Amino acid sequence: MIRVLLTIYLFSCISCDKEENHLDYFNKSVINAIEKASFSVVGITIEMKSDISFYQNLGLKYPDNKNSFGSGLAIDNRGYIVTNAHVVENADKIVVTTVGGNKYPAEIIGVDRLTDIALIKTEANNLISATFGNSKELNRGEWVVALGNPYNLFSVSKKPTSTIGIISGNNVNFGLKESGHVYQNMIQTDASINPGNSGGPLINLEGEVIGINTFIVSESKGSGGIGFSIPIDRVQSI
């Protein structure tokens with residue numbers, strides 16, 4: 001009897017050690033992925049066009065608050081940054097905040113409004129180019145991390161914030177939305193995505209970018225556990 005109890009005890013200890021090792025490995029993977037990708041992420045603040053006729057001509061309501069914010073991703077070390085078109089397309093002035101809190105003006109290089117992708121450029125010299133993954137080989141249940149500038153917290157913490165979740169679905173098609181953007185083959189995630197995360201990366205546990213966080217579905221306009229990212233393969237082709 002004692003021998004049986006001892007065997008059970010030893011087996012339990014081995015199982016606990018394995019669980020702890022797996023958990024420790026998972027934690028380290030998340031930490032390393034965030035560390036690897038963070039220096040490619042920037043916060044974006046903008047001043048929107050102040051001319052009321054600009055909005056009237058487009059049939060838009062003149063905004064009460066003309067300042068806004070979002071996120072961006074460095075695609076090389078020359079200052080080129082990808083973000084969402086809806087983050088910057090109406091901007092009079094764009095300011096990029098890099099890790100560490102340095103701020104640089106930026107200009108729009110190009111906008112593809114249909115796919116909601118924009119390219120901007122800044123003179124920042126401390127950007128590190130993101131590492132891209134393959135968004136065509138994603139599985140539901142795969143762990144992912146969203147990085148960005150929710151509620152402009154980048155300006156406070158001087159680094160991107162991070163939230164973790166899984167891929168809830170892929171190849172989700174919305175077609176043409178009222179905004180004029182077409183969202184196809186989107187990545188769905190339950191990683192918390194809030195206002196300001198738009199334009200920031202969705203990464204895997206290797207620190208590779210697999211998508212650009214773009215919008216959420218929520219009645220309260222806050223994170224509702226249903227966020228969507230543009231696959232990075234599509235972003236690269238655009």
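The first residue of the sequence shown is numbered 1, and numbering continues consecutively from there. Values below: all heavy atoms of this structure, side chains included; hydrogens, waters and symmetry mates excluded. Treat the numbers as computed from the prediction; the structure is a model and nothing was measured.
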- Message: Give me each pair satisfying salt bridge (Lys or Arg N to Asp or Glu O under 4.0 Å) with a member in residues 112-121, each pair once, sequence neighbours excluded.
- Response: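 Passing the test, one end in residues 112-121: E89-R113, K121-E123.
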
- Go through the structure and list residues passing side-chain hydrogen bond (donor to acceptor under 3.5 Å, both in side chains) with S155, not counting sequence neighbours. N152

- Item | Any residue meeting side-chain hydrogen bond (donor to acceptor under 3.5 Å, both in side chains) with S71, in chain and number order, not counting sequence neighbours |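 With neighbours one apart ignored, the set is empty.
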
First locate atom [atom1] of [X], then atom [atom2] of [Y], and finally report the distance between them rounded to the nearest 0.5 Å.
X    : Y    : atom1 : atom2 : result
I216 : T189 : CD1   : OG1   : 12.5 Å
I164 : F26  : CD1   : CZ    : 4.0 Å
I108 : I81  : CD1   : CD1   : 12.5 Å

- Item | Counterpart residues, ring-ring contact (aromatic ring centres under 6.0 Å, His included), relative to F215 (two or more places apart) | F174, Y183, F228

Return all side-chain donor-acceptor pairs below 3.5 angstrom for residues 32-44, not counting sequence neighbours, or 'none' if the list is empty.
residue: N32; atom: ND2; partner: K28; partner atom: O; Å: 3.2
residue: K36; atom: NZ; partner: E206; partner atom: O; Å: 3.1
residue: S38; atom: OG; partner: I34; partner atom: O; Å: 2.6
residue: S40; atom: OG; partner: I128; partner atom: O; Å: 2.5
residue: S40; atom: OG; partner: A130; partner atom: N; Å: 3.4

- Item | Nearest non-hydrogen partners of S198 and H86, listed with the distance |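 Smallest heavy-atom distance, with atoms named: OG-NE2, 3.2 Å.
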
- Can you see which heavy atom on I210 is nearest to which on S135, and at what distance?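 Distance-wise, the nearest heavy atoms are O-CB, 3.4 Å.
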
- Message: Could you work out, with side-chain contact (heavy atoms from CB on, under 4.5 Å) as the rule, every residue matching N139, not counting sequence neighbours?
- Response: E142

- Query: If we ignore angles and hydrogens, is there a donor and acceptor under 3.5 Å between the side chains of N77 and S129?
  - Reply: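 Per modelled atom types, N77 and S129 side chains form no pair under 3.5 Å.
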
- Can you tell me if S29 and N27 form a side-chain donor-acceptor pair at under 3.5 Å? no

- Message: Between N170 (side chain only) and I187 (backbone N and O only), is there a donor and an acceptor less than 3.5 Å apart?
- Response: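 Checked: no pair found.
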
- Item | Joint cluster assignment, L153 & L202, ILVMFWY side-chain distance < 4.5 Å | no

